[in-house]
There are 2 protein chains.
Amino acid sequence: MSRPRTRIQRKNSETILEAALEVFSAHGFRGATLDQIAEVAGLSKPNLLYYFPSKEAIHTELLTGLLDTWLDPLRAMDPEGDPLAEIMAYVSRKLEMSRDYPRESRLFANDILQGAPFMRAAIEGELTALVTEKSQVLQRWMDEGRIAALPPAHLIFSIWALTQHYADFDVQVRAVLGEGHDPFAEATDYLETLFAKLLALPRETG
Amino acid sequence: MSRPRTRIQRKNSETILEAALEVFSAHGFRGATLDQIAEVAGLSKPNLLYYFPSKEAIHTELLTGLLDTWLDPLRAMDPEGDPLAEIMAYVSRKLEMSRDYPRESRLFANDILQGAPFMRAAIEGELTALVTEKSQVLQRWMDEGRIAALPPAHLIFSIWALTQHYADFDVQVRAVLGEGHDPFAEATDYLETLFAKLLALPRETG
DNA sequence: TAACCGTTTGACCATCCGGTAAAGGCCACG
DNA sequence: CGTGGCCTTTACCGGATGGTCAAACGGTTA
């Protein structure tokens with residue numbers, strides 16, 4: 001189903017993947033059922049299996065199809081740009097992803113939490129390669145004295161952790177903050193402050 | 001089974017809960033099966049159900065039994081202590097929990113990720129109360145000018161996010177870092193730097 | 001209009017899984 | 001050393017669930 005031919009195939013495949021995202025992200029792979037996905041998609045279960053060979057195939061296509069999108073913000077970090085601005089923009093984009101695409105965030109989180117049974121290959125390949133590449137950029141910026149010197153990989157981890165937390169642990173964040181808070185608006189300010197302080201060059205000791 | 005009477009009851013209940021922690025944290029509630037837990041525990045499935053009334057009862061007892069332990073590091077933050085030292089100690093303890101009790105971290109993460117079907121009450125009650133209490137302590141420290149002024153709840157979120165990341169996303173962290181790294185040792189240094197910079201009082205503008 | 005082909009569905013199957021029943025084993029106590 | 005009661009197991013049940021199949025549907029084309 002990777003190359004849908006007819007219009008109806010394209011439409012139904014998309015409908016199914018959208019429904020699958022909804023259900024898989026909310027219940028995990030094992031916790032999701034084809035019946036649930038079928039209901040959300042407005043299709044019958046055998047009809048799902050006309051478009052995809054199995055439950056696992058739907059899940060796999062979802063993950064692989066979304067991975068690129070998920071890594072785009074990091075890819076967009078420009079080695080020729082201004083270091084601080086590039087990193088802040090990356091944090092900002094990543095937090096927007098958490099706000100606008102929390103289901104995708106949870107989908108990935110579910111898998112990685114359980115030892116990445118589905119994403120292991122992508123993590124060890126594509127993702128590690130990208131982080132390695134961008135770590136070198138960060139390291140160069142640090143060597144050039146344009147941002148504070150820090151372990152680049154851990155800097156990236158902290159960006160992931162802090163931004164994805166607001167998507168993955170949304171219920172907890174909202175419960176703790178209570179009514180009358182906009183978690184993402186507050187997080188935007190807070191993370192901007194945090195990374196500004198973290199990356200600022202240490203003052204000359206006088 | 002909350003009050004085991006005989007020695008054998010106590011032992012088997014503990015064995016079951018230990019096995020359940022192993023299996024639930026690795027596969028989530030729905031992904032775990034009683035047969036898996038029974039196998040890990042070295043008991044038969046009906047035997048599990050002699051000690052606990054249902055799969056859900058095992059899961060619930062696990063969660064409630066571990067919640068207090070999980071919140072202990074935050075509870076231990078002393079309002080009368082030195083602000084920076086207290087917070088740094090909290091970060092340190094929380095990271096140690098991630099290192100020494102990753103299964104517990106994943107158990108909670110699994111539930112919250114999926115909307116906290118099991119922990120919702122505890123999150124809205126106990127956890128929110130504790131965070132509220134400690135937020136006031138942090139706010140006072142900020143008002144007294146002893147640490148940088150930041151939104152207290154978000155400060156706590158960032159401690160959770162950054163420390164738990166190393167437990168919950170362990171496979172990803174290790175894949176990205178590659179061989180020859182000690183994620184937790186490096187994280188200790190990195191997070192110490194991060195929070196030191198974050199909490200440092202802004203210099204007088206000269 | 002008839003026939004072809006992509007699409008949809010109702011009925012069904014096999015397996016997995018949480019849970020039950022009842023018989024048998026085993027230990028502690030008298 | 002026997003008996004009562006705690007513990008364990010074998011066999012099994014019923015519902016949920018992933019997946020199959022063949023028939024039916026419907027739109028496009030000759």
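Below, read A as the first sequence line, B as the second, and so on, with proteins coming before strands; counting in each chain starts at 1.
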Between [X] ([atom1]) and [N] ([atom2]), how many Å, whole number?
X: A/Asn47; N: C/dG6; atom1: CG; atom2: P; value: 15 Å
X: B/Lys55; N: C/dG19; atom1: NZ; atom2: P; value: 8 Å
X: B/Gln9; N: C/dC27; atom1: CD; atom2: C1'; value: 14 Å
X: B/Gln36; N: C/dC17; atom1: CD; atom2: P; value: 7 Å
X: A/Tyr51; N: C/dT9; atom1: OH; atom2: C1'; value: 12 Å
X: A/Leu48; N: C/dT9; atom1: CG; atom2: C1'; value: 12 Å
X: A/Lys11; N: C/dG6; atom1: NZ; atom2: P; value: 18 Å

*Give the minimum heavy-atom separation between A/Leu49 and A/Ser54, together with the two atoms involved.*
CD2-CA, 3.9 Å
*Closest approach of B/Ile16 to B/Ile37 (non-hydrogen atoms, all atoms of both residues)*: O-CG2, 4.1 Å
Is any side-chain heavy atom of [X] closer than 4.5 Å to a side-chain heavy atom of [Y]?
X: A/Ile58; Y: A/Phe24; answer: yes
X: A/Thr188; Y: A/Ser92; answer: no
X: A/Phe184; Y: A/Asp182; answer: yes
X: A/Phe157; Y: B/Val176; answer: yes

*Do any pairs count as a ring pair (Phe, Tyr, Trp, His ring centres under 6.0 Å) and have a residue in residues 60-88 of chain A, sequence neighbours left out, and if so which ones?*
A/Trp70-A/Phe108
*Verify whether one side chain among A/Asp143 and A/Gln139 offers a donor that lies under 3.5 Å from an acceptor in the other.*
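Yes, because at least one side-chain N or O of A/Asp143 sits under 3.5 Å from a partner of the opposite role on A/Gln139.
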*asked:* Contact list please: residues 23-33 of chain B against DNA chain D, heavy atoms, distance less than 4.0 Å, in numerical order.
replied: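 Residues of residues 23-33 of chain B that come under 4.0 Å of DNA chain D are, in numerical order, B/Arg30.
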*Would you say a side-chain N or O of A/Asn12 is under 4.0 Å from OP1 or OP2 of C/dG6?*
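Result: no.
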*Salt-bridged, B/Glu144 to B/Arg140, with N to O below 4.0 Å?*
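Result for this pair is yes, salt bridge flagged.
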_Applying ring pair (Phe, Tyr, Trp, His ring centres under 6.0 Å), can you list everything that pairs with B/Phe118, at least two apart in sequence or on another chain?_
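Partners of B/Phe118 under the ring pair (Phe, Tyr, Trp, His ring centres under 6.0 Å) test: B/Phe29, B/His59.
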*Listed by chain and number, what are the ring pair (Phe, Tyr, Trp, His ring centres under 6.0 Å) partners of A/His27, not counting sequence neighbours?*
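Expected list: none.
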_Span of DNA chain D, from the first to the last nucleotide whose atoms fall under 4.0 Å of chain B heavy atoms_ =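 The contact span of chain B on DNA chain D goes from D/dC6 to D/dT17.
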*When we call it a touch if two heavy atoms are under 4.0 Å apart, what does B/Leu49 touch: a base, just sugar-phosphate, or nothing?*
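It contacts base atoms.
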*Which residues, if any, of residues 39-46 of chain B bring a heavy atom under 4.0 Å of DNA chain C?*
B/Lys45, B/Pro46
